[in-house]
Amino acid sequence: MLKNPYDDIAYCLFYLSLIYSLYCVFQAFDFVKEASLYTGIFSLLFLNLSLFFSLWSCKWSKNYPKILGFCAFFWSILHFANYFVFTQNISFLRLTQSISTRTFEASGFIAFIIMTILFISSFKTFRKIEKIRKLSYLSLFLGSYHYFLSAKVPMFWQWSAIIVAIGYCTFGFLKHLFITKKMKNI
């Protein structure tokens with residue numbers, strides 16, 4: 001199978017995000033806070049791009065949702081690892097207590113679990129659970145809500161993340177509804 005030359009754009013985006021986040025983290029005073037910020041933002045960004053290219057698919061961008069989804073999962077693993085290691089001190093008891101009592105941590109953890117399931121479903125061995133990919137909209141909404149709650153006073157970027165997530169959820173639902181209705185008419 002020939003490699004799509006447009007896939008290199010997605011890989012280039014990932015490498016640029018990696019270089020930029022490393023640069024910003026090493027320039028920062030608080031390493032943990034900056035690492036958490038950039039890993040979370042890039043996870044949301046790549047999940048947004050993945051959903052964008054899955055909703056508006058073109059012939060040249062058919063691999064983008066999968067590639068960008070892998071990038072989003074990579075950033076979410078780093079985000080969770082940063083949280084688990086530096087904030088919870090690798091304690092599962094503290095993790096469960098924190099998740100069960102704080103909405104901020106619970107929304108991020110549920111989004112991470114959904115992204116993990118989505119990552120697993122992308123392999124050929126687990127094609128039977130392919131329908132679960134519709135949960136990516138829920139993961140985007142929960143991740144955006146997590147980002148919204150991260151700010152003491154939500155500003156433009158937090159509000160825009162929530163609005164974009166609601167827009168994707170609405171458009172994805174309407175597209176699914178339209179395709180289902182069209183298939184019933186055939």
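Remark: Thr39 engages Trp75, Leu78, His79 in a side-chain contact (heavy atoms from CB on, under 4.5 Å) (not counting sequence neighbours). The ring-ring contact (aromatic ring centres under 6.0 Å, His included) check on Trp157 picks up nothing, with sequence neighbours excluded. Partners of Phe171 by ring-ring contact (aromatic ring centres under 6.0 Å, His included), not counting sequence neighbours, listed by chain and number: Trp56. Applying the side chain to side chain donor-acceptor pair (under 3.5 Å) criterion to Asp8, with sequence neighbours excluded, gives Lys3. Under the rule for a side-chain contact (heavy atoms from CB on, under 4.5 Å), the partners of Leu135 that lie at least two apart in sequence or sit in another chain are Ile114, Ile132, Leu138. Evaluation of the side-chain contact (heavy atoms from CB on, under 4.5 Å) rule for Thr87 yields Tyr83 as partners, not counting sequence neighbours. Considering only residues two or more places apart in sequence or on other chains, Ser36 meets the side chain to side chain donor-acceptor pair (under 3.5 Å) condition with none of them. Here Phe156 pairs with nothing under the ring-ring contact (aromatic ring centres under 6.0 Å, His included) rule; sequence neighbours left out. Residues passing the ring-ring contact (aromatic ring centres under 6.0 Å, His included) test with Tyr147, sequence neighbours excluded: none.
Using a 4.5 Å cut-off between side-chain heavy atoms of Ile, Leu, Val, Met, Phe, Trp and Tyr, with links allowed through other members, Leu51 and Tyr145 fall into different hydrophobic clusters. Hydrophobic clustering of Ile, Leu, Val, Met, Phe, Trp and Tyr side chains at less than 4.5 Å, counting indirect connections, keeps Ile166 apart from Ile163. A continuous path of ILVMFWY side-chain contacts below 4.5 Å connects Phe53 to Leu55, so both sit in one hydrophobic cluster. Note: the hydrophobic cluster containing Val164 also contains Ile41 (ILVMFWY, side chain heavy atoms under 4.5 Å, direct or indirect links). When the side chains of ILVMFWY residues are joined at heavy-atom separations under 4.5 Å, either directly or via intervening members, Phe46 and Ile162 end up in two distinct hydrophobic clusters.
Closest of all the heavy-atom pairs between Gly143 and Ala111 is N-CB, 3.8 Å. When every heavy atom of Lys152 is checked against every heavy atom of Pro154, the shortest pair comes out as O-CD, 3.9 Å. Closest approach of Ser43 and Ser76 over heavy atoms only: OG-CB, 3.5 Å.
Interatomic distance, CG of Leu47 versus SG of Cys71, reported as 11.5 Å (0.5 Å rounding). Of the inter-residue distances, the one linking Phe141 atom CZ with Tyr168 atom OH reads 15.5 Å to the nearest 0.5 angstrom. One finds the CE atom of Met115 at 11.5 Å from the CG atom of Leu142 (value rounded to the nearest 0.5 Å). Between atom CG of residue Asp7 and atom NZ of residue Lys62 there is a gap of 9.0 Å, rounded to the nearest 0.5 Å.
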Sequence neighbours left out, cut at 3.5 Å: what donor-acceptor pairs do the side chains of residues 9-16 make with other protein atoms?
none

Under 3.5 Å, which donor-acceptor pairs link side chains of residues 19-30 to any protein atom two or more places apart or in another chain?
| unit_1 | atom_1 | unit_2 | atom_2 | d |
| --- | --- | --- | --- | --- |
| Ser21 | OG | Ser17 | O | 3.0 |
| Ser21 | OG | Leu18 | O | 3.0 |

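Proximity of Leu44 to Leu140: side-chain heavy atoms (C-beta onward) are separated by under 4.5 Å at one or more points.
In this structure, Arg133 contributes its side chain and Leu118 its backbone to no donor-acceptor pair below 3.5 Å. Using modelled atom types, one side-chain atom of Thr96 and one backbone atom of Leu93 make a donor-acceptor pair closer than 3.5 Å.
Applying the ring-ring contact (aromatic ring centres under 6.0 Å, His included) definition to pairs two or more places apart or across chains, those involving residues 101-121 are Phe70-Phe119, Phe73-Phe119, Phe80-Phe109, Phe80-Phe112, Phe104-His146, Phe119-Phe123.
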So Phe84 and Phe92, ring-ring contact (aromatic ring centres under 6.0 Å, His included) or not? Walk me through it. CA-CA 9 Å; Phe84 186 61; Phe92 287 103; 5.1 Å; yes
Determine, step by step, whether Met155 and Val153 satisfy the side-chain contact (heavy atoms from CB on, under 4.5 Å) criterion, reporting the C-alpha distance in whole Å, the side-chain angles of both residues, the deciding distance to 0.1 Å, and the verdict. CA-CA 6 Å; Met155 300 302 255; Val153 178; 4.3 Å; yes
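In this model, a donor atom of one side chain and an acceptor atom of the other lie less than 3.5 Å apart for Arg102 and Ser98.
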